There are 2 protein chains.
Amino acid sequence: MVLDERKFMILKAIIDDYILTAMPVGSRTISRKSGVGFSPATIRNEMSDLEELGYLAQPHTSAGRVPSNKAYRLYVDRILSSGEISAEEKQRIEEYMKRRSGQVEDIIRAAADVLADATQYTSVIVAPQIQTLRIKRVQIVPVTDTTALMIVVTSAGIIKDAIISVPAEMDSESLHKLSEMLTHELAEHTLAEVRQIFARMFRDLSINRRLLGGVMQVMEDKLTEDAPEDVVIGGSTKLLNYPEYSDIEKAKNFLALFESRDRLAGLLKRNGGMDVTIHIGAENGVAALNDCSLVTASYRVGEHGNGMLGIIGPTRMNYRRVVTIMEYMGDVISRMLSSEQK
Amino acid sequence: MVLDERKFMILKAIIDDYILTAMPVGSRTISRKSGVGFSPATIRNEMSDLEELGYLAQPHTSAGRVPSNKAYRLYVDRILSSGEISAEEKQRIEEYMKRRSGQVEDIIRAAADVLADATQYTSVIVAPQIQTLRIKRVQIVPVTDTTALMIVVTSAGIIKDAIISVPAEMDSESLHKLSEMLTHELAEHTLAEVRQIFARMFRDLSINRRLLGGVMQVMEDKLTEDAPEDVVIGGSTKLLNYPEYSDIEKAKNFLALFESRDRLAGLLKRNGGMDVTIHIGAENGVAALNDCSLVTASYRVGEHGNGMLGIIGPTRMNYRRVVTIMEYMGDVISRMLSSEQK
DNA sequence: GATTAGCACTCAATACAGATGAGTGCTAAC
DNA sequence: GTTAGCACTCATCTGTATTGAGTGCTAATC
């Protein structure tokens, strides 16, 4: 048996209806739809075939049919072309984003909110990967006699900061000099390269080795340590509005996931490619999201460094709309974060 | 009718049982308890009195009794003395907190997790109020030709940073000078005082007024603007484990509240005093938390600046335990944040 | 006079039995 | 190949007992 044109059309009609209603759809419903010129009986025969092919499932004998993940996969692969986002919506998004100040954190926060609001699903955004960003400046500011604040400014305007301890002998002026030197050495390199550069500097640097050694050791550790992922979530309770998650146990599952930013970031990074990619049901590989779909995309910041965005919703998600919005938002975020550097 | 010793004892027994089980408690249950030497019939008579006095309520005729908010209030006011926290638990908390690095954000994050874990309720911690902190240093670091990063280090080691735009004529060296000058002028003052100091500086400063004017205007705005509250939430899904919130609609209510950090911060600041304070049911004044209790406390950082911590749970919360833990955690947080400055 | 045993009463929760109706699968007619 | 017709399935709804936890009241007991 093969999936001919008519079967495909019927399957599409079923999916479209199910996305809207979340209720098993029957043959009569499809038959009534304009564009399908067949009686319920014919539809039934086709549905029976579609079930055998694994595209449909029946919750119980006397219920209508529900699309399987295989059906969504087909639907996404065959039908999906990103649509056009309406002008008003574009404007609404732009305006909301414009009002935000220039801090990276704020922009990402705003973007997550917009994304959740536009899709009505839960959104997740991972900040640009700091390891791949190019350093622009390093600054060390005294805080107390023995501690200082180290600030690293990168090409995306992103800051990595950490409190480090310094020898009491180093005063404000010498820290300033150290800052200038480090800026000179590290500028235009990525964080990932810091270790090698430091190694080279240790060889070349004859003076002050004892004094600087300790400071730089700490810096190196701080810079190269795995930072807790910078992840923001928008509309974490949006999913509770969908009937498939009205069960408190299911809800607990993914709400717990949202508490662990690290796991979320891992999820996005594992599943994300450059383009918008769709993971249906178990494809995403996390048990808590087995009956969810995950749509991921990435955005670029400057020449290096990129971050991820994703939305999580029921498998019967409005893929077309989501993909469209994701593409657009990826653009918007890239643009806003890149304009930081101007 | 008056609330004599025996009535009070029975009421306490009822509350204790209800806190444990969340089920209406009947006369037989109380009668069986050791320490209560009366038959169910006697208890029933007393319960009937207690109901008339407004301390108990019956969900329906043939159910047991449930304590009213008035009862919890009495219970809390009359009985509550903070207990002792077990040595093991203390150690567990200390150890978990010790592992955290010295960043304020991280410490608060960890504290929220510990608090939620220890109480099994949802915890909220508001970072120290930045307006009352004393500035230690101001540093302006160039990012691009026309933008710079302004960093303010305060007594708690807390950083306020913002991207500001600067005239293209100002190079790294002059920004450094500006930083030194600002540090000199602003050190030891609170953020709240910045506006006056700037006003005075404008009068005194004859040179470079045009050049500096713009920069300082921006700085003033950034420093005095209402920062989005720095609030962390721990165990936001903990409440879902309690039967009173198994209804998805109720759950949505307070989960939505957790998405708005500003509202949460406002809630804590409005309700919080210096000591541990307890707000039962509608006392906290937020509709979404009408059937929750809110326990708040504050912690001090250095001499100035203080933050809030709170936990949110069902009205039948284990107040004694919660108060004990809150007192202890307030101490721990104060200690850890203050040690920052050493 | 306080306490308790006894008993009738209430009412949520549970279980069960039809009834309903949406939907199917199959067969025979078109 | 398509469709009308019909028997069948089964979740859902509705109404009715049944159960049992718990109460309030009264009369007996301490």
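All figures in this text were calculated on a predicted structure; none of them were measured in a lab.
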Checklist line | Toward the 5' end of DNA chain D, by each residue's nearest nucleotide, A:R6 or B:S62 | finding: A:R6

Next item on the list: Among the candidates D:dG5, C:dT4, C:dG6, find the nucleotide nearest to the side-chain atoms of A:R44.
Entry: D:dG5

Next item on the list: Would you check if there is a donor-acceptor pair between the side chains of A:E84 and A:T324 at a distance under 3.5 Å?
Entry: no

Margin query: Measure CD1/B:I30 against C1'/D:dA21 and give the value in whole Å, please.
Written below: 15 Å

Note to self: I'd like to know if the side chain of B:S31 reaches the main chain of B:F38, judged simply by a donor and an acceptor atom lying under 3.5 Å from each other, with no hydrogens or angles considered.
What the structure shows: yes

Next item on the list: Answer with base, sugar-phosphate or nothing: what part of the nucleic acid does B:R65 contact at a heavy-atom distance below 4.0 Å?
Entry: sugar-phosphate

Note to self: By the definition side-chain contact (heavy atoms from CB on, under 4.5 Å), identify the one residue from B:V322, B:I311, B:I280, B:N284 that meets it with B:S293.
What the structure shows: B:I280

Check: Rounded to whole angstroms, how far apart are CE on B:M47 and C1' on D:dC25?
Finding: 17 Å

Next item on the list: Please report, rounded to the nearest Å, how far the P atom of C:dA2 is from the NZ atom of B:K7.
Entry: 11 Å

Next item on the list: Please state whether the phosphate of C:dT4, meaning OP1 or OP2, lies under 4.0 angstrom from any side-chain nitrogen or oxygen of B:S39.
Entry: yes

Check: What are the two closest heavy atoms between B:I312 and B:Y121, and how far apart are they?
Finding: O-CB, 3.4 Å

Notebook entry, point to check: Taking CG from A:D4 and P from D:dT2, how many angstroms apart are they, rounded to a whole number?
Noted result: 10 Å

Note to self: Closest approach to the side chain of A:S48, judged atom by atom: which nucleotide of C:dG25, D:dA4, D:dT2 is it?
What the structure shows: C:dG25

Next item on the list: Find the distance A:D49:CG to D:dG1:C1' and express it as a whole number of Å.
Entry: 13 Å

Note to self: On DNA chain C, compare the nucleotides closest to B:G37 and B:H60; which residue's is nearer the 5' end?
What the structure shows: B:G37

Margin query: D:dT3, OP1 or OP2 - any side-chain N/O from A:T42 closer than 4.0 Å?
Written below: yes

Margin query: What is the distance, to the nearest angstrom, from the CZ atom on A:F38 to the P atom on D:dT2?
Written below: 6 Å

Checklist line | Distance-minimising heavy-atom pair for B:R316 and B:Y18 | finding: CD-O, 3.5 Å

Next item on the list: For B:I43 and C:dA2, give me the distance from atom CD1 to atom P, rounded to whole Å.
Entry: 16 Å

Note to self: Quick check for you: among D:dG24, C:dT4, C:dT10, whose closest atom lies nearest to any side-chain atom of B:E51?
What the structure shows: D:dG24

Checklist line | Spacing of B:N45 atom CG relative to D:dC25 atom C1', expressed in whole Å | finding: 9 Å

